[in-house]
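Step one of this worksheet: look at the structure below.
Chain naming here is simple, since letters A, B, ... match the order of the sequence lines and numbering starts at 1 in each.
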Amino acid sequence: GAVVSQHPSWVICKSGTSVKIECRSLDFQATTMFWYRQFPKQSLMLMATSNEGSKATYEQGVEKDKFLINHASLTLSTLTVTSAHPEDSSFYICSATTSGGLYNEQFFGPGTRLTVL
Amino acid sequence: RKEVEQDPGPFNVPEGATVAFNCTYSNSASQSFFWYRQDCRKEPKLLMSVYSSGNEDGRFTAQLNRASQYISLLIRDSKLSDSATYLCVVNGGSQGNLIFGKGTKLSVKP
């Protein structure tokens, strides 16, 4: 089956630092990757949609200058949380799909738990 | 109205019980519907897609009512391993992005 990895699985950082999270599709080419955030006892909230080779599309309320997304290849997307603050502490999950559209299954990475002190 | 609404539970049931979860969605243009399962501190995993005619996968049965914008999941003969949060998921955009409900927590007791 399709496997998506994320690295790191957890990270603790000081306020004001930047953190990069990698999302990789291991056995398929992901034309579209999605980045979600999940706060405790909340639903997954889509942050942005990333298509290989083009700029990410951010959801309303998500600051594109704070959450930098790069999708440079068909197997790798990165999310950089710049100048992280405690309120950015959350569970960040990526998903990937083999092509865009409404019906393709999304394969989720295992998530990255970010704690900002 | 929230885009995808679910009863958060928790549903505490004994092994062997039958339990039903309901979900409503607000976007009448949605075309794809899913139930995902999420274990504590883990990523969501697809349990099953939901088709208009209803579909069954072993002990799990999903139903869709487009007119009422209502989705259901029935779990028969509950197992301890079914304990998890069940997420109702609907596609919400042209790029295939998914909209998740907050989930319904199920706890199956011996």
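- Counting heavy atoms from C-beta outward, B/Pro44 and A/Leu44 have side chains that approach closer than 4.5 Å.
- Between chain A and the options B/Lys105, B/Lys102, B/Lys42, heavy-atom pairs under 4.5 Å are most frequent for B/Lys102.
- Other residues, nucleotides and ligands contribute more than 12 heavy atoms inside 6.0 Å of the OH atom of B/Tyr70.
- When the side chains of ILVMFWY residues are joined at heavy-atom separations under 4.5 Å, either directly or via intervening members, A/Met47 and A/Phe34 end up in two distinct hydrophobic clusters.
- B/Ile75 is connected to B/Met48 through a chain of hydrophobic side-chain contacts under 4.5 Å among Ile, Leu, Val, Met, Phe, Trp and Tyr, so both are in one cluster.
- Counting heavy atoms of neighbouring residues, nucleotides and ligands inside a 6.0 Å radius, atom NE2 of A/His85 exceeds 12 of them.
- Only the side chain of B/Gln38 comes within less than 4.5 Å of a heavy atom of chain A; its backbone N, CA, C and O stay farther away.
- Hydrophobic clustering (ILVMFWY, side-chain heavy atoms < 4.5 Å, transitive): B/Ile99 and A/Met33 are in distinct clusters.
- In this structure, B/Gly101 and A/Ser43 approach most closely via the heavy-atom pair O-CB, 3.1 Å.
- Follow the hydrophobic side-chain contacts under 4.5 Å out from A/Phe91 and you reach B/Val89 in the same cluster.
- Side-chain heavy atoms closer than 4.5 Å link hydrophobic residues (I, L, V, M, F, W, Y) into clusters, and following such links, possibly through other members, connects B/Trp35 to B/Val90.
- Counting heavy atoms from C-beta on, the side chains of B/Leu98 and A/Tyr36 come closer than 4.5 Å.
- Side-chain polar atoms of B/Glu43 and A/Gln6 form no donor-acceptor pair below 3.5 angstrom.
- Contact annotation for residues 60-80 of chain A against chain B (heavy-atom separation below 4.5 Å): no residues qualify.
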Quick one: do B/Leu46 and A/Phe108 satisfy side chain to side chain contact (heavy atoms under 4.5 Å, CB included)? Show the steps, please. CA-CA 9 Å; B/Leu46 180 65; A/Phe108 284 84; over 6 Å; no
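- Atom CD of A/Gln38 is separated from atom CZ of B/Phe100 by 8.5 Å, given to the nearest 0.5 angstrom.
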